[in-house]
Asks: 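Got a structure for you, questions after.
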There are 2 protein chains.
Amino acid sequence: MSKYEMIYSAILKQIEDGQLKEGDKIPSETELMKEFDASRGTVRKAVDLLQERGFVQKIHGKGMFVLRKKNIEFHLGGIVSFKEVYEGLNGDIVTTVVEMKQVAARRPLTKLLNIKGNAKVDLIKRVRNIEGENVILDINYFVSEIVPGLTKEIAESSIYEYIEKTLGLHISYAHRVIEAQPCTEEDRKYLDLNGTDHVIVVKNFTHLYDGRQFEYTESRHRLDKFYFSDVARR
Amino acid sequence: MSKYEMIYSAILKQIEDGQLKEGDKIPSETELMKEFDASRGTVRKAVDLLQERGFVQKIHGKGMFVLRKKNIEFHLGGIVSFKEVYEGLNGDIVTTVVEMKQVAARRPLTKLLNIKGNAKVDLIKRVRNIEGENVILDINYFVSEIVPGLTKEIAESSIYEYIEKTLGLHISYAHRVIEAQPCTEEDRKYLDLNGTDHVIVVKNFTHLYDGRQFEYTESRHRLDKFYFSDVARR
DNA sequence: CTGAATTTGTGCGTATGTATC
DNA sequence: AGATACATACGCACAAATTCA
């Protein structure tokens, strides 16, 4: 881990552990330089990261203050977001693979994944059951050439861990779209819809560090279980 | 404008004008140093900003490449997001103030705005009409002590411009929450709901540079007109 | 395959500007 | 007015990833 990441983590830990509470002033940059035996540039890189991610707020001439303790979580891979994740989930999340096969890409998919026709794609459909109700249907498409060797076991645990740890690929960014759609036959088949006739769809176009797109995913959430939270700056 | 902002804008303009197209390699940091007569740190600050905002992707040892031309727009103030904004909106957006009054804060509101009871609050309800349909109901609450002098005229044009330009306040960040809710009586009264029984609610907790919260807003969107897009990194 | 050149990543030091108290 | 704290900018050195002769 680099030095600025160490400083970032150390300060973040103090916030999470409650040694630094909301509204507290964080030591000045010169003090942090001494504390961590680092240059000002390095300290600034660390605290800029803290600010970007919404933990602190720097004020010119005054100092730097703690905004919030808990991370505004987003999940680049896997489950995107739902209420229980934020509310400290009491019950369990059970993931079931309901369909899994390799297909040759056809028209809508070739565009969504930015690949040529007939390129091999791994299709995975998973249902997320929370506290006894099926509330999320995840439909993943992975480019087989980039992500080979997917199995049912991997799909049931963590595909992202497999991609990063086992395959050694570096995931970089995802373009996300959130919108509502009328329920499909498939939604009705797999989800406990509770009388609702729309779902919230989170689309993910996920890319590697080198820019290649390796995934397109639709997370279809039951309306009343959907929740999204973030911090926008400037 | 600072030097790194100049460099940021200059490169962004080249991307928007099409001189740098998607996939193109951007000149190396040393070349940009010469081009803009700047130090490496300044150039890096500019291109790091471009990367954060999703325009380019830097790859260690290779270079820096254009990802996309169009900004993934978010709107910190005012209208949060809806389909037509992204699709280049053909028709007009008409904003109508349907209610406006000053009230003394009561229980749910004191918590949402983080203020004391009986503190004065300006309540504004506005309907957004797009292509002949009322599809968004915005309910804004402003802390009167921080944002004084709001009028119907300001509410009909741009409240944020008034806050920043006229009052000279610096807006810094907003905590956003997106979720679905069943329609209220008010939704039914003001919106053309088209048979849907839920709305998508975007909640905004907006703060000044000094950390004070000055606004709480609910944007209530008709399901089929809602659209949200962003880029998540790492 | 090796090594050099290029390019981005990290870290240090210094100076000066600007806002707050 | 002076002290403090963050903001911008410059320069240098070395590390790590990639490319290519």
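Every chain is numbered from 1 and lettered A, B, ... according to where its sequence line falls, protein lines coming before strand lines. In this text, all values refer to a predicted model and were calculated from it rather than measured experimentally.
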Asks: How would you summarise protein contacts on nucleotides 5-14 of chain C per nucleotide, using B for base, S for sugar-phosphate only and - for none, with heavy-atom distances below 4.0 Å?
Replies: --BBBBSB--
Asks: CD of A:Q57 versus C1' of D:dA5: gap in Å, rounded?
Replies: 15 Å
Asks: Using the side chain to side chain donor-acceptor pair (under 3.5 Å) criterion, which residues pair with A:K58? Sequence neighbours excluded.
Replies: A:D48
Asks: Only distances under 3.5 Å count here; give the side-chain donor-acceptor pairs of residues 100-110 of chain B to other protein atoms, sequence neighbours excluded, each with its distance to 0.1 Å.
Replies:
from, atom 1, to, atom 2, distance (Å)
B:Q102, NE2, B:S144, OG, 3.1
B:R106, NH1, B:N118, OD1, 3.0
B:T110, OG1, B:R106, O, 3.4
B:T110, OG1, B:R107, O, 2.8

Asks: Can you name the residues that form a side chain to side chain donor-acceptor pair (under 3.5 Å) with B:K120, not counting sequence neighbours?
Replies: none
Asks: Output all residues satisfying side chain to side chain donor-acceptor pair (under 3.5 Å) with B:K152, sequence neighbours left out; order by chain, then residue number.
Replies: B:E156
Asks: What pairs of donor and acceptor atoms, side-chain ones from residues 3-10 of chain B against any protein atom, are under 3.5 angstrom apart with sequence neighbours left out?
Replies:
from, atom 1, to, atom 2, distance (Å)
B:K3, NZ, B:D37, O, 2.8
B:E5, OE1, B:S2, N, 3.1
B:E5, OE1, B:S2, OG, 2.8
B:Y8, OH, B:R53, NH1, 3.3
B:S9, OG, B:E5, O, 2.8

Asks: Take the protein atom CZ of B:F65 and the nucleotide atom C1' of D:dT19, then report the distance between them rounded to whole Å.
Replies: 11 Å
